[in-house]
Visitor: 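Take a look at this one; I'll ask things after.
Keep in mind the model is a prediction, meaning the values are calculated, not measured. These values consider heavy atoms only, across backbone and side chains, with no hydrogens, waters or symmetry-generated copies.
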Amino acid sequence: MKDYNVIDLFAGVGGLSYGFSQLKEYNIVMANEYGKDIARAYRLNHPNINMVNCDINDLTEEMIRENTGDQVIDAVVGGPPCQSYSTLGKRQMDDRANLFMQYKRILQIIKPKAFVFENVTGILSMDKGRLFKEVQREFVELGYDLKYKVLNAMDYGVPQIRERVILVGCLGENKYEYPEPTHGEDRIPYVTLREAIGDLPVLSSGETNNSYMKDPDNEFLKFVRKNGTTLPTEHTAPKNGAHLIKIMQTLKDGEGKDDLPEDIRPKSGYGNTYAKLWWDRPSTTITRNFACPSSSRCIHPRDSRALTIREGARLQSFPDDYLFYGPEGTKRLEIGNAVPPLLSVAIARQMLKMLNEIK
């Protein structure tokens, strides 16, 4: 018998579900995701969880009861789509920016003891800070005591700088304690690109090689290659034209567009476009565009090419047996929008401590 039942909203491919699924005390009984291919990917990785593939606006109390077996739900987790809150995108107060009201509606139906609401840091400054204050007001109105903090996935063993707002609500006194960083200064060193993807074969533009070059020689590789019985998948380099290949081969470790000779320097783009990652640092923040050098810093420092789907998944800390579904652009979206599994494990462990204390 599991101790706590959980529902995952805006579940994506299950990055946040991952952490809760790894702890024996949790039973994720239901998840909701709008995207058809994304929901299929979730099912591939979490086949025992009832995935309800529909718009959250259409998710009714009857559907929830049917898919949870009318069980008591102890916790709800999830984060509404973040495009409207992102400081990288065109920030706008649209329907997506108000999807937190659907999250509130589901909380009102279920009345869980606690919830985790995850989002990009841009939500804190959206509409001059008014939006996040409104989000908090709506949840307090339901009787939840709130805490929030910005966590950086890099501090928990993820080979990527990725800041996210983690808002935790609790009925009654909120005793949630945010996870202490495990990596950083005076701790375990941050996981670098070399450590995270250096065991994957050297590729040129358009090449595929689903194998390993060496045995796992660090804790991160031991984690992502945990089952030891499968080969990596999705290790195919995007195919690029001769001019872009020349640009990528000209750049040195960590260099960007402005470091290129004038005769091949692109006329448009920001300083972090057409830019190489650093081999001996964590990655910059992964987005759905991690295979597009003209969009963000995503050029492989060793191979002078764009990142593969498997490398993007590694930089999010997805294990090598984790599956993605749909066209390549959809798979990159699934990866780029996800909560890193190692961060979700840290969040889930701390939620367990709080739920045990409430109990």
Visitor: D8 and S17: side-chain donor and acceptor closer than 3.5 Å?
Guide: yes

Visitor: Which residue pairs pass the ring-ring contact (aromatic ring centres under 6.0 Å, His included) test with at least one member in residues 334-359, sequence neighbours excluded?
Guide: none

Visitor: Kindly assign one of parallel, tilted or perpendicular to the pair F324 and Y322, based on the angle between their ring planes and the thresholds 30° and 60°.
Guide: tilted

Visitor: Test your reading of the model: is there a side-chain donor-acceptor pair from Q160 to the backbone of I286, 3.5 Å cut-off?
Guide: yes

Visitor: Main chain of G256, side chain of D259: is a donor-acceptor contact present, judged purely on distance under 3.5 Å?
Guide: yes

Visitor: Could you go through I56 and L99, starting from their C-alpha distance and side-chain angles, then the distance that decides it, and tell me whether this counts as side-chain contact (heavy atoms from CB on, under 4.5 Å)?
Guide: CA-CA 9 Å; I56 194 169; L99 277 172; 4.1 Å; yes

Visitor: Any ion pair linking R194 and D280 (charged N to carboxylate O, less than 4.0 Å)?
Guide: yes

Visitor: If you measure only the distance, is there a donor-acceptor pair under 3.5 Å linking the side chains of N57 and Q102?
Guide: yes

Visitor: Parallel, tilted or perpendicular, judged at 30° and 60°: which one describes the rings of Y103 and F139?
Guide: tilted

Visitor: So that I can tick it off, tell me whether R305 and E207 are bridged by a salt bridge, with the cut-off set at under 4.0 angstrom between side-chain N and carboxylate O.
Guide: no

Visitor: Linking I/L/V/M/F/W/Y whenever any side-chain heavy atoms sit under 4.5 Å apart, do M63 and V72 land together?
Guide: no

Visitor: Which pairs of donor and acceptor atoms, one on a side chain in residues 108-116, lie under 3.5 Å apart (sequence neighbours left out)?
Guide:
unit_1: K111; atom_1: NZ; unit_2: Q108; atom_2: O; d: 2.9
unit_1: K113; atom_1: NZ; unit_2: D74; atom_2: OD1; d: 2.3

Visitor: Would a single hydrophobic cluster contain both I245 and L307, if residues Ile, Leu, Val, Met, Phe, Trp and Tyr are joined by side-chain heavy-atom contacts under 4.5 Å?
Guide: no

Visitor: Looking at K331 and E234, does any basic side-chain N land under 4.0 Å from a carboxylate oxygen?
Guide: yes

Visitor: Can D258 and R265 be counted as an ion pair, charged N to O under 4.0 angstrom?
Guide: no

Visitor: Keeping Q249 on the side-chain end and K246 on the backbone end, is there a donor-acceptor pair under 3.5 Å?
Guide: no

Visitor: Is the shortest distance from a Lys or Arg side-chain nitrogen in E255 or K276 to a carboxylate oxygen in the other one below 4.0 Å?
Guide: no

Visitor: What residues form a side-chain contact (heavy atoms from CB on, under 4.5 Å) with N356, not counting sequence neighbours?
Guide: Y4, L352

Visitor: How about H46 and I28: do any of their side-chain heavy atoms sit closer than 4.5 Å?
Guide: no

Visitor: Is it true that E328 and R332 have a side-chain N and a carboxylate O under 4.0 angstrom from each other?
Guide: yes

Visitor: Salt bridge check, K226 against D320: does any charged N sit closer than 4.0 Å to a carboxylate O?
Guide: no

Visitor: For side-chain contact (heavy atoms from CB on, under 4.5 Å), just list the numbers for R281 and T192, CA-CA rounded to whole Å, side-chain angles, deciding distance to a tenth of an Å, and then say yes or no.
Guide: CA-CA 4 Å; R281 296 189 200 174; T192 67; 5.6 Å; no

Visitor: Taking the side chain as every heavy atom from C-beta outward, state whether L151 and P179 have any atom pair closer than 4.5 Å.
Guide: yes

Visitor: Using modelled atom types and a 3.5 Å cut-off, is there a donor and acceptor pairing between side-chain atoms of N272 and backbone atoms of R297?
Guide: no

Visitor: Is it the case that the side chain of N152 and the backbone of R162 share a donor-acceptor pair, with hydrogens and angles ignored and the cut-off at 3.5 Å?
Guide: yes

Visitor: Which other residues belong to the hydrophobic cluster containing L44, where Ile, Leu, Val, Met, Phe, Trp and Tyr are joined when side-chain heavy atoms lie under 4.5 Å apart, directly or via other members?
Guide: L323, Y325

Visitor: Are I299 and L315 co-members of a hydrophobic cluster defined by side-chain heavy atoms under 4.5 Å apart?
Guide: no

Visitor: Does any part of the side chain of P293, heavy atoms only, come nearer than 4.5 Å to the side chain of M248, both counted from C-beta?
Guide: yes

Visitor: When Ile, Leu, Val, Met, Phe, Trp and Tyr are grouped by side-chain heavy atoms lying under 4.5 Å apart, directly or through other members, which residues fall in the same group as I161?
Guide: M154, Y190

Visitor: Do Y26 and D3 come close enough that some side-chain heavy atom pair is under 4.5 Å?
Guide: no

Visitor: Are the charged groups of E134 and R130 less than 4.0 angstrom apart, N to O?
Guide: no

Visitor: Please examine the side chains of R187 and E180, heavy atoms only from C-beta on, and report whether any two atoms are closer than 4.5 Å.
Guide: yes

Visitor: Given side chains that start at C-beta, do those of K147 and L167 come closer than 4.5 Å, heavy atoms only?
Guide: no

Visitor: Flag yes if more than 12 heavy atoms outside Q71 fall under 6.0 Å of its CD atom; otherwise flag no.
Guide: yes

Visitor: Go through R225 and D321 one step at a time and tell me if the salt bridge (Lys or Arg N to Asp or Glu O under 4.0 Å) criterion holds.
Guide: CA-CA 8 Å; R225 291 169 58 173; D321 61 356; over 6 Å; no

Visitor: In terms of side-chain geometry, is the basic nitrogen of E219 or K222 positioned less than 4.0 Å from the acidic oxygen of its partner?
Guide: yes

Visitor: Between the main-chain N or O of V168 and the side-chain N or O of N174, is there a donor-acceptor pair closer than 3.5 Å?
Guide: yes

Visitor: Main chain of T308, side chain of E311: is a donor-acceptor contact present, judged purely on distance under 3.5 Å?
Guide: yes

Visitor: Report whether L203 and L251 are members of the same hydrophobic cluster (ILVMFWY, side-chain heavy atoms less than 4.5 Å apart, transitive linking).
Guide: no

Visitor: Show, in sequence, the C-alpha distance, side-chain angles and deciding distance for D70 and R65, and conclude whether the salt bridge (Lys or Arg N to Asp or Glu O under 4.0 Å) test is met.
Guide: CA-CA 5 Å; D70 212 12; R65 289 184 183 281; 2.5 Å; yes

Visitor: Would a distance-only check, ignoring hydrogens and angles, find a side-chain to backbone donor-acceptor pair under 3.5 Å from S205 to N240?
Guide: yes

Visitor: Please report whether the ring centroid of Y34 lies less than 6.0 Å from that of F10.
Guide: no

Visitor: Applying side-chain contact (heavy atoms from CB on, under 4.5 Å), can you list everything that pairs with P301, at least two apart in sequence or on another chain?
Guide: L193, D253, L277, W279

Visitor: What heavy-atom pair brings G206 and T236 nearest, and what distance separates the two atoms?
Guide: O-CG2, 4.5 Å

Visitor: Measure from the side-chain N and O atoms of N32 to the backbone N and O of V52, and report whether any donor-acceptor pair falls under 3.5 Å.
Guide: yes

Visitor: Please check if the distance between the ring centroids of Y148 and F132 is under 6.0 Å.
Guide: yes

Visitor: Going only through I, L, V, M, F, W and Y residues with side-chain contacts under 4.5 Å, is there a path from I49 to M351?
Guide: yes

Visitor: Between the main-chain N or O of P201 and the side-chain N or O of H235, is there a donor-acceptor pair closer than 3.5 Å?
Guide: yes

Visitor: Assert yes or no for the condition that the ring centre distance of Y178 to Y176 is strictly below 6.0 Å.
Guide: yes

Visitor: Would you kindly say whether R310 and T233 are connected by a side-chain donor-acceptor distance under 3.5 Å?
Guide: yes

